Amino acid sequence: MVSAIFKNRLFQEPGAEREFVQRNHRRKTKSRVFFMYAAPIAYAAHVILDFFVAGDHATLFILLRLCLVCPGMMFVAYLFNHHHRRFGTDNLICAYLMLPTLNVIYMCAVVEGMAADVYPFGVMIILYCCSAFILPSFRFMVRYSVVFLALFWAVFPYSAISFEAAVAHGFFQIMGTAVNIIGVYFLELTERRQHANEINLEEMISDLETSERNIRDLYHEAKKADRAKGEFLAVVSHELRTPMNAIIGFSEIISSEMLGKVQPVQYREYAQHIHSSGQQLLHIINDILDLSRAEMNKIEFVHREFDLSTAVRAAIVSCRENAREAGVSILQVEPFLHDVSVTGDEARIVQALVNIIGNGIKFSNTGGQVEVCTAFTVDGGMKLLVTDYGIGISPEDVEQIRKPFQQAESAFSRNTGGLGLGLAICSIIAEAHGGKLNIESTLGERTCVSLELPEVLVRAPKALDDTPDIGLAEIA
Ligand code: ADP
């Protein structure tokens, strides 16, 4: 414990201790060197004291100060600034301080009369300046103070200092030295803690940099793998489409008995099943192909101006068969924009609308209804809204279901099929037009999905938004 306090150590490893000493030295070098060059000037100024107080010794004292001690201090300061690695920091500080120290002690020993009581003040000045400006290490400060005071009191019996002055100097020297040592101890402790924190911080930064590099590598790997997956899906989907079209085409020919009666009659039903299953499969394949193309930025959008209401009706018509089978009606409701043109990829917008209406049908109860309307948005764009009153979506699922392959909890109990790609593709289509897909839903009550398009794509005759409300129009 005592040795730990004496060494003032936080770093048990010699390497870490060396690192601390070097870094600490680098931090203090400028102020130390400045003081080391400035102190001899202050020391030289004391010739005034010698001149008035030292009596017969004045000339010798002045010569010693100006010709030996001050130049010596300057020289050591030079060595400290330029060659501290070679000679060692503590050694040079020691040599630097010993010059005025020995000089003061010598002067204290030989000076006579009243001056003998005055010169010991020099001891205190050197000690204070050392701790305040040279900022030595704690170990050095302890050793130096002990040596300095021991030398001073060793010559005390030969000096002409009065007993009272000796008691006063002794008291101040002990108190001053104790304060110096404690001060330097806590200063160094703080420096060591600061150094330890810096090292920790540097380690953390380097760890973070390594992690960042690893994450970046992993990210690139993942991107590469993702691209490979996308390409694989695109190729597979593309290859599956050709035989799928053959299956759908031939099963349709058989089920519609285009080339003559099919016997027995069950074969015709089987062909119908093959046909509808084939279409479902083709739909899924097309979705996967779209998604992988979108991920590779390979979807091409053909923008041209088209009539909005015609596109909406086309979407509704293509969902009619599904709606009939599910016992759900599709209603075109007000507000509904007429004579509005939109610039965009008509086929893709119809595809998005078919997906959204298809979901409305899928997740409605038999006898339910899906409402389709179009309206202007407050910022001059327009939106296509599809509302159903089916199972709804919980708030937690609303954001999730926009992502590919995500389905809401509520949909599982329905077992409605689907891969969870439809809304992801709708989002891609909306974003490719500079618009967005909004989903609002109340679980068990209603779901409203809207596809918004920006103002720049919409061209409408004036005052169209004042279209009178003409009620519900069932078209499916
Ligand atoms: P799919 O319907 O093929 O699974 P979608 O991306 O179109 O894929 O939809 C993702 C999920 O979002 C659906 O599985 C369903 O859980 C939920 N969902 C979408 N539309 C509705 C809706 N109108 N009502 C209730 N849930 C819906």
Side-chain angles (χ1 to χ4, degrees), residues 4 7-32 84-85 89 135 137 186-238 287-301 393-409 419-439 452 454:
K7 287 178 178 167
N8 195 4
R9 272 178 178 225
L10 281 184
F11 314 108
Q12 300 305 325
E13 250 183 70
E17 181 66 21
R18 207 174 316 118
E19 158 92 27
F20 163 72
V21 172
Q22 277 166 11
R23 198 182 278 204
N24 205 22
H25 174 70
R26 274 200 299 277
R27 203 177 291 144
K28 291 178 183 169
T29 303
K30 266 196 186 149
S31 62
R32 277 170 157 177
H84 61 83
R85 276 186 214 285
T89 323
L135 302 168
S137 68
F186 282 108
L187 179 73
E188 190 170 315
L189 204 62
T190 313
E191 286 169 353
R192 283 170 183 271
R193 289 206 175 119
Q194 185 186 341
H195 177 73
N197 288 341
E198 278 172 15
I199 297 283
N200 283 346
L201 207 65
E202 280 165 16
E203 278 172 10
M204 272 165 67
I205 289 171
S206 113
D207 284 355
L208 280 176
E209 280 170 357
T210 316
S211 311
E212 193 197 330
R213 258 197 309 277
N214 290 345
I215 288 170
R216 211 174 300 132
D217 289 350
L218 287 173
Y219 172 75
H220 287 310
E221 297 257 312
K223 271 209 110 168
K224 237 194 272 169
D226 199 44
R227 211 172 307 127
K229 178 208 76 183
E231 274 162 18
F232 171 77
L233 282 179
V235 170
V236 169
S237 313
H238 186 74
D287 277 357
I288 294 177
L289 193 60
D290 278 348
L291 190 79
S292 47
R293 276 185 186 151
E295 281 176 352
M296 292 185 289
N297 283 331
K298 277 189 184 163
I299 288 198
E300 279 176 19
F301 289 89
I393 309 161
S394 68
E396 311 85 70
D397 288 334
V398 166
E399 276 314 306
Q400 287 304 314
I401 56 172
R402 289 166 201 270
K403 297 178 189 158
F405 303 107
Q406 298 292 326
Q407 294 184 315
E409 274 291 310
L419 286 183
L421 291 178
L423 291 180
I425 291 168
C426 292
S427 287
I428 291 167
I429 293 172
E431 280 160 23
H433 286 81
K436 60 182 176 184
L437 189 80
N438 300 316
I439 304 168
E452 262 186 53

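Quick caveat, the model's predicted, so the values are computed rather than measured. Side-chain atoms are counted along with the backbone in the values below, which use heavy atoms only and exclude waters and symmetry mates.
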Gap separating the [atom1] atom of [X] from the [atom2] atom of [Y], nearest 0.5 angstrom:
X    : Y    : atom1 : atom2 : result
I439 : D397 : CD1   : CG    : 10.5 Å
L291 : L233 : CG    : CG    : 8.0 Å
D290 : I425 : CG    : CD1   : 5.0 Å
E191 : S137 : CD    : OG    : 10.0 Å
I199 : F20  : CD1   : CZ    : 10.5 Å
Q194 : N197 : CD    : CG    : 8.0 Å

Work out which heavy atom in [X] is nearest to a heavy atom in [Y]; give both atom names and the distance.
X    : Y    : value
A424 : K403 : CB-C, 4.1 Å
H195 : A16  : NE2-O, 4.3 Å
L421 : P404 : CD2-CB, 4.0 Å
A294 : I428 : CB-CD1, 3.5 Å

Please check if the number of heavy atoms outside [X] that lie under 6.0 Å from its [atom1] is greater than 12.
X    : atom1 : answer
K436 : NZ    : no
E300 : CD    : no
R18  : CZ    : no
F232 : CZ    : no

Is the closest basic N to carboxylate O distance between [X] and [Y] below 4.0 Å?
X    : Y    : answer
D226 : K223 : no
R216 : E212 : yes
R23  : E202 : yes
E198 : R193 : no

Residue pair N214, S211: steps toward the side chain to side chain donor-acceptor pair (under 3.5 Å) verdict: CA-CA 5 Å; N214 290 345; S211 311; 5.7 Å; no

Residues L135, E188; criterion side chain to side chain contact (heavy atoms under 4.5 Å, CB included); working and verdict: CA-CA 9 Å; L135 302 168; E188 190 170 315; over 6 Å; no

Min side-chain heavy-atom separation E203-N200 under 4.5 Å: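 They are in side-chain contact.
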
H220 side chain reached by K224 side chain, heavy atoms, under 4.5 Å: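 Not touching, per the 4.5 Å side-chain cut-off.
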
Candidate pair H238 and V235, rule side chain to side chain contact (heavy atoms under 4.5 Å, CB included), full reasoning: CA-CA 5 Å; H238 186 74; V235 170; 5.7 Å; no

Heavy-atom donor-acceptor pair, R402 side chain to L437 backbone, under 3.5 Å: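 Judged by distance alone, yes, a pair lies under 3.5 Å.
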
Salt bridge (charged side-chain N to carboxylate O under 4.0 Å, His left out) between E231 and R227, worked out: CA-CA 6 Å; E231 274 162 18; R227 211 172 307 127; 5.8 Å; no

